[in-house]
There are 2 protein chains.
Amino acid sequence: MTYRFGLLSFPNVQQLDLTGPYEVFASARDCEVHLVWKDRAPIRSATGLWLTPDTCFSDAPDFDVICVPGGAGVNVLLNDTETLDFLRRAAASARFVTSVCTGSLLLGQAGLLKGRKATTHWNALDFLDGMGALPVKERVVRDGNLITAGGVTSGIDFGLSVVAELIGQDEAETVQLMLEYAPAPPFDAGTPETARPAIVSEAKRRVSKSRHERQMALNGQ
Amino acid sequence: MTYRFGLLSFPNVQQLDLTGPYEVFASARDCEVHLVWKDRAPIRSATGLWLTPDTCFSDAPDFDVICVPGGAGVNVLLNDTETLDFLRRAAASARFVTSVCTGSLLLGQAGLLKGRKATTHWNALDFLDGMGALPVKERVVRDGNLITAGGVTSGIDFGLSVVAELIGQDEAETVQLMLEYAPAPPFDAGTPETARPAIVSEAKRRVSKSRHERQMALNGQ
């Protein structure tokens, strides 16, 4: 028995949205992790790291878990029929349909969030409503076979939850120990509720361009 | 002013040791992150993800921060003169000499840990003694301009600490918020002290081959 994970990989993906869950999944027993995209040419992530997809939409196997990471590149894909069609196909055969960060907006555009609880990055949560989802402000949200995670680093918490659901808690704990995941953030600024107002303003300012592009894409402009 | 980070990238690196700090560094203002290796050919990480170095030992600029991630590939490099020479050169001009996970063993072999407090993955801490280091069982350890981190996921806590030292706490907090780093592990198995004994045994069993290879390399065999 092999568990197959398909992680959508696209230009300007937020690489840690992908590499965090990747390491969790690939460290679990009997797991095979694919980076899936339209072709296999190297792609540049939002912060510059190059990733190399190994599987194309056209030759992708049935995945046990399909996972859509986020990042500025999501905006370009919100109206990309080829990608949304692939996600619908993959979701139809997957045991778990999942996302990290703004990846959930692609699931939403594919019509996969209607009437279901879901989450995303704190600065994108207001976009889920318009997709018929029920937005939940939690780090990892499960609704049936749909598991969505909050921003970027939540992908590690998410990954362990998925391994626990798919294989079992013992396996998830073994991976957690191998990856020494006993986090100890040096500061308490990880959410807009705990960060100082000046920090929240600055973080919003830095992602405002991407947020604007997202809004334009969803308006069909 | 640009802050330059050099992350050592090598075959069988543990990719999250590298991609975690990468995302933190590359999300900070005025930061430029390089993947440094002997050449620019794509390299396969320990769990399969392909990475593409962008900078060679021979044309590397002076880095403000040199960072050595860990992984099974470290074992092969423990006696690799070219790599150890590069690390000594890079360390001589860097403001901070750093590592994640078993990357500290390479710093140790390069003679950069003598008489200094350092840490590594929980299952490798006993190797630091033999390198003249003073092993400390903490998630992020600073001794002067040396900053070492524990296993794999500690690289995110570490990355934020380095950004705070180099640029300032406001910048580190802004990055923490953008990456929504408010971790919430679903289980409490991240260290051998908190994990159940059966989980510790299983994790040790899975990395025993790599541990044996490391011992053989340090014995010069």
Side-chain angles (χ1 to χ4, degrees), chain A residues 14-16 19-20 22-24 26-27 29 33 35 42 47-52 54 101 121-123 139-140 150-154 156-157 160-161 164 169-170 172-192 194-196 198-200 202-203 206-207, chain B residues 14-16 19-20 22-24 26-27 29 33 35 42 47-52 54 101 121-123 139-140 150-154 156-157 160-161 164 169-170 172-192 194-196 198-200 202-203 206-207:
Chain A
Q14 187 85 34
Q15 62 88 4
L16 189 54
T19 51
Y22 183 107
E23 202 72 323
V24 172
S27 299
R29 67 171 165 79
V33 188
L35 264 54
T47 49
L49 188 85
W50 288 88
L51 295 169
T52 308
D54 51 59
C101 202
H121 190 281
W122 59 266
N123 197 31
R139 201 151 169 88
V140 180
V152 197
T153 54
S154 63
I156 300 174
D157 301 317
L160 292 169
S161 299
Q169 184 171 336
D170 280 8
E173 292 190 4
T174 303
V175 171
Q176 181 179 4
L177 180 56
M178 289 195 296
L179 302 182
E180 204 169 331
Y181 188 50
F187 311 110
D188 190 21
T191 69
T194 60
R196 287 175 285 137
I199 300 295
V200 178
E202 175 61 12
R206 293 196 195 181
V207 295
Chain B
Q14 186 85 34
Q15 62 88 3
L16 191 53
T19 52
Y22 184 107
E23 202 72 325
V24 173
S27 300
R29 67 171 165 81
V33 187
L35 264 56
T47 49
L49 188 83
W50 289 88
L51 295 169
T52 308
D54 51 60
C101 201
H121 190 279
W122 60 264
N123 198 30
R139 199 145 169 92
V140 180
V152 199
T153 54
S154 64
I156 300 174
D157 301 317
L160 291 170
S161 300
Q169 184 172 336
D170 279 8
E173 292 190 4
T174 302
V175 171
Q176 182 179 4
L177 180 55
M178 288 196 297
L179 302 181
E180 203 167 331
Y181 188 50
F187 312 109
D188 191 21
T191 69
T194 60
R196 287 174 285 139
I199 300 295
V200 178
E202 176 61 11
R206 293 196 195 181
V207 294

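The sequence lines fix the lettering, A, B, ..., with proteins before strands; numbering per chain opens at 1.
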As an exercise: rank [options] by heavy-atom pairs under 4.5 Å with chain B and give me the winner.
| options | value |
| --- | --- |
| A/V152, A/D157, A/T191, A/V200 | A/D157 |
| A/A198, A/G48, A/G150, A/P186 | A/P186 |
| A/P183, A/A164, A/A26 | A/P183 |

Which of [options] touches chain A most, by non-hydrogen pairs under 4.5 Å:
| options | value |
| --- | --- |
| B/L179, B/V24, B/D170 | B/L179 |
| B/A203, B/G20, B/A172, B/S161 | B/A203 |
| B/S27, B/P192, B/P42, B/G151 | B/G151 |

If you round to the nearest 0.5 Å, how far is [atom2] of [Y] from [atom1] of [X]?
| X | Y | atom1 | atom2 | value |
| --- | --- | --- | --- | --- |
| A/I156 | B/Y181 | CD1 | OH | 7.0 Å |
| B/I199 | A/M178 | CD1 | CE | 10.0 Å |
| A/T47 | B/Y22 | OG1 | OH | 5.0 Å |
| B/D188 | A/E173 | CG | CD | 8.5 Å |
| B/Q169 | A/R196 | CD | CZ | 6.0 Å |
| A/T52 | B/L51 | OG1 | CG | 8.5 Å |

Exercise for the section: Mark yes or no for whether B/T153, through its side chain, and A/E180, through its backbone, hold a donor-acceptor pair below 3.5 Å. Expected result: yes
Handout entry: Donor-acceptor contact present, side-chain B/Q176 to main-chain A/F187, <3.5 Å
Key = yes
Exercise for the section: Please lay out, stage by stage, how B/L35 and A/L49 fare under the test side chain to side chain contact (heavy atoms under 4.5 Å, CB included). Expected result: CA-CA 9 Å; B/L35 264 56; A/L49 188 85; 3.7 Å; yes
Practice task
For B/R206 and A/R29, work out which heavy atoms get closest and say how close.
Solution key: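 Scanning both residues, the minimum pair turns out to be NH1-N, 4.0 Å.
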Problem - A/A195 versus chain B, the contacting section by heavy-atom distance below 4.5 Å - result: side chain
Problem - Interface moiety of A/N123 toward chain B, non-hydrogen atoms closer than 4.5 Å - result: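 When you check distances to chain B, no heavy atom of A/N123 falls under 4.5 Å.
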Practice task
Determine whether B/W122 and A/L177 make a side-chain contact, defined as any pair of heavy atoms from C-beta on separated by less than 4.5 Å.
Solution key: yes
